[in-house]
Participant: 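Just passing along the structure, written as structure tokens.
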Amino acid sequence: MQFGNELRRLRGAADLSQRELAKATLVSYQMLGAMERAERAPRKSFAEKADEVLGARGALMRLWPGGQEGYPQGFKEYVELEQEARAIHDFQTQAVPGFFQTRDYARAVLSAGWPPTDGEEVERLLDTRVARQQMLEREQPPLMWSVLDESVLRRPVGTRDVMIAQLGHLLELAARPRIRLQVLPFAKGAHSAMDGSFAVLDMSGGEHLAYAEIPGSGRVTADTDEVEQYTLRFGVLRSMSLSPDESVDFISRYKEAHSHGIDPF
């Protein structure tokens, strides 16, 4: 909010319209308006460019909400881009996607990370992860389409109560009109993403990007051929997965199984 207020003040002092500043900083005027209203998080590159255009001598960079500090570089870039996406297509092999995690589940995931992290740092990263989820509460949130490997549901993370609450949260999210969840069951065998999790982002400016996780970090690419391959791969995974309605039933069965400490199948 501080960033948005200062951006609006500086733009007014420079006698620039939203469209004029948006053009000069290479963003859409709708995106600029959303940043001024604190509805979208600014990218670092935007803060730097806006400082330059407005002659602000680093004022916006000093207010830039770079809460991603402590994340690996590739993932920091992804988190910035994620906030500007109009659609996110995500495949996860090991854990619930960060933007769908409950606070307790996220704490358990972060606490298990490597290298070991002290409690204070875990809480700071936890606040950052929870803040990412604010994009789901926008008036017009991005379209989220997630495919979860069955291992995400089967592996207990945290206590039994933590896992039950997390699966319940997934069921609540699945009822939202702009969220689609599908489960890829073990019974489908080998698939096209055995090498790990990834996401495809459709950006508000029309660009298409892909993000792939690698040990300890991640990598964002805008290469047309690479993005196309990830897009096709996601399509294959969707076609192999249970339908959204079947997936809700599948998740419900796992929630019940964790409640009673039994195998669901």
Side-chain angles (χ1 to χ4, degrees), residues 40-41 67-68 71 75 78-113 122-123 125-185 193 196-202 210-213 218 234 237-238 241-259:
R40 291 290 181 94
Q68 307 93 312
Y71 281 144
F75 187 65
Y78 170 73
V79 170
E80 293 179 23
L81 293 166
E82 180 183 71
Q83 297 296 316
E84 299 179 25
R86 58 182 176 84
I88 300 174
H89 304 86
D90 178 77
F91 173 67
Q92 289 293 326
T93 62
Q94 301 296 329
V96 171
F99 37 75
F100 292 159
Q101 292 178 2
T102 65
R103 190 175 183 90
D104 288 337
Y105 182 97
R107 181 183 288 110
V109 171
L110 291 168
S111 297
V122 166
E123 291 303 311
L125 291 173
L126 181 59
D127 288 341
T128 300
R129 180 161 299 189
V130 172
R132 286 172 60 201
Q133 299 172 1
Q134 290 304 308
M135 65 181 178
L136 300 179
E137 308 306 324
R138 297 175 191 157
E139 183 176 345
Q140 184 73 1
L143 174 65
M144 314 284 287
W145 201 310
S146 286
V147 174
L148 309 178
D149 188 86
E150 183 177 347
S151 59
V152 173
L153 309 178
R154 190 176 188 88
R155 176 174 292 105
V157 175
T159 66
R160 179 183 296 180
D161 287 344
V162 166
M163 197 64 192
I164 294 168
Q166 176 61 74
L167 295 180
H169 185 55
L170 284 179
L171 293 172
E172 293 171 2
L173 291 171
R176 297 193 183 190
R178 293 185 64 80
I179 293 178
R180 296 289 183 274
L181 289 179
Q182 288 184 259
V183 176
L184 179 59
S197 303
F198 67 92
V200 177
L201 306 180
D202 296 341
Y211 169 79
E213 292 186 358
F234 189 78
L237 293 170
R238 280 175 49 187
S241 299
L242 301 174
S243 71
D245 287 343
E246 291 171 332
S247 296
V248 165
D249 180 64
F250 200 82
I251 294 170
S252 296
R253 291 166 68 182
Y254 260 105
K255 180 174 179 287
E256 186 69 14
H258 282 288
S259 298

Participant: Which value, rounded to the nearest 0.5 Å, describes the distance between Arg178 atom CZ and Arg180 atom CZ?
Facilitator: 9.0 Å
Participant: Would you check, one step at a time, whether the test side-chain hydrogen bond (donor to acceptor under 3.5 Å, both in side chains) holds for Ser151 with Asp149?
Facilitator: CA-CA 5 Å; Ser151 59; Asp149 188 86; 2.8 Å; yes
Participant: Please check: side-chain N/O of His258 versus main-chain N/O of Arg253, any donor-acceptor pairing under 3.5 Å?
Facilitator: no
Participant: Go through it in stages, so that I can follow the logic: the residues are Leu125 and Val122, the test is side chain to side chain contact (heavy atoms under 4.5 Å, CB included), and I'd like the CA-CA distance, side-chain angles, deciding distance and then a yes or no.
Facilitator: CA-CA 5 Å; Leu125 291 173; Val122 166; 5.9 Å; no
Participant: How long is the gap from OG on Ser111 to CD on Glu123, to the nearest 0.5 Å?
Facilitator: 7.5 Å
Participant: Any non-hydrogen side-chain atom of Phe198 less than 4.5 Å from a side-chain atom of Leu237?
Facilitator: yes
Participant: What distance do Ile179 atom CD1 and Ile88 atom CD1 have between them, rounded to the nearest 0.5 Å?
Facilitator: 10.0 Å
Participant: Evaluate the side-chain proximity of Glu246 to Pro244: yes if any heavy-atom separation is below 4.5 Å, no if none is.
Facilitator: no
Participant: Is there side-chain contact between Pro185 and Leu242, with heavy atoms separated by less than 4.5 Å?
Facilitator: yes
Participant: Looking only at non-hydrogen atoms, find the nearest pair between Phe250 and Leu153 and report the distance.
Facilitator: CD2-CD1, 3.8 Å
Participant: For Tyr78 and Ala212, indicate whether the former's side chain and the latter's backbone hold a donor-acceptor pair under 3.5 Å.
Facilitator: no
Participant: Can you find a pair of side-chain heavy atoms, one from Leu148 and one from Pro97, that are under 4.5 Å apart?
Facilitator: yes
Participant: Among all residues two or more places apart in sequence or in another chain, which pass the side chain to side chain donor-acceptor pair (under 3.5 Å) test with Arg155?
Facilitator: Gln94
Participant: Would you tell me whether Glu150 and Tyr254 have side-chain atoms, one donor and one acceptor, within less than 3.5 Å of each other?
Facilitator: yes
Participant: Relative to each other, are the rings of Trp145 and His89 parallel, tilted or perpendicular (30° and 60° limits)?
Facilitator: parallel
Participant: Grab the two heavy atoms, one from Phe100 and one from Ser146, that are nearest each other, plus how far apart they are.
Facilitator: CE1-OG, 3.4 Å
Participant: Measure across Val147 and Ser241 and return the closest heavy-atom pair with its distance rounded to 0.1 Å.
Facilitator: CG1-OG, 3.4 Å
Participant: Taking side chain as C-beta onward, heavy atoms only, is Thr93 less than 4.5 Å from Val152?
Facilitator: no
Participant: Looking only at the side chains, is there a donor atom on one of Thr102 and Asp104 sitting less than 3.5 Å from an acceptor on the other?
Facilitator: no
Participant: Counting N and O atoms only, with roles assigned by atom type, does the side chain of Gln92 sit under 3.5 Å from a partner on the main chain of Gly98, one being a donor and the other an acceptor?
Facilitator: no
Participant: Could you tell me the separation between the CD atom of Gln182 and the CG atom of Asp245, rounded to the nearest 0.5 Å?
Facilitator: 10.0 Å
Participant: Less than 4.5 Å apart, any side-chain heavy atom of Tyr211 and any of Glu82?
Facilitator: no
Participant: Can you find a heavy atom in the side chain of Val157 that is under 4.5 Å from one in the side chain of Gln166?
Facilitator: no
Participant: Determine, stepwise, if the pair Gln101 / Arg132 fulfils side chain to side chain contact (heavy atoms under 4.5 Å, CB included).
Facilitator: CA-CA 10 Å; Gln101 292 178 2; Arg132 286 172 60 201; over 6 Å; no
Participant: Check step by step if side chain to side chain contact (heavy atoms under 4.5 Å, CB included) holds for Arg238 and Leu184.
Facilitator: CA-CA 8 Å; Arg238 280 175 49 187; Leu184 179 59; over 6 Å; no
Participant: Apply side chain to side chain contact (heavy atoms under 4.5 Å, CB included) to the pair Leu126 and Leu110, showing each step before the final yes or no.
Facilitator: CA-CA 8 Å; Leu126 181 59; Leu110 291 168; 4.1 Å; yes
Participant: What's the spacing between Leu181 CG and Leu171 CG if we round to 0.5 Å?
Facilitator: 8.5 Å
Participant: Indicate the atoms forming the closest heavy-atom contact of Ala85 with Pro142, along with that distance.
Facilitator: O-CB, 3.4 Å
Participant: Are any of the side-chain nitrogens in Arg40 or Glu84 under 4.0 Å away from the carboxylate oxygens of its partner?
Facilitator: no
Participant: Decide yes or no for Arg107 and Arg129: does some side-chain heavy atom of the first lie under 4.5 Å from some side-chain heavy atom of the second?
Facilitator: no
Participant: If you compare all heavy atoms of Asp90 against all heavy atoms of Ala199, which two are closest, and at what distance to 0.1 Å?
Facilitator: OD1-CB, 3.8 Å
Participant: Look up atom CE in Met163 and atom NZ in Lys255, then write down how far apart they are to the nearest 0.5 Å.
Facilitator: 12.0 Å
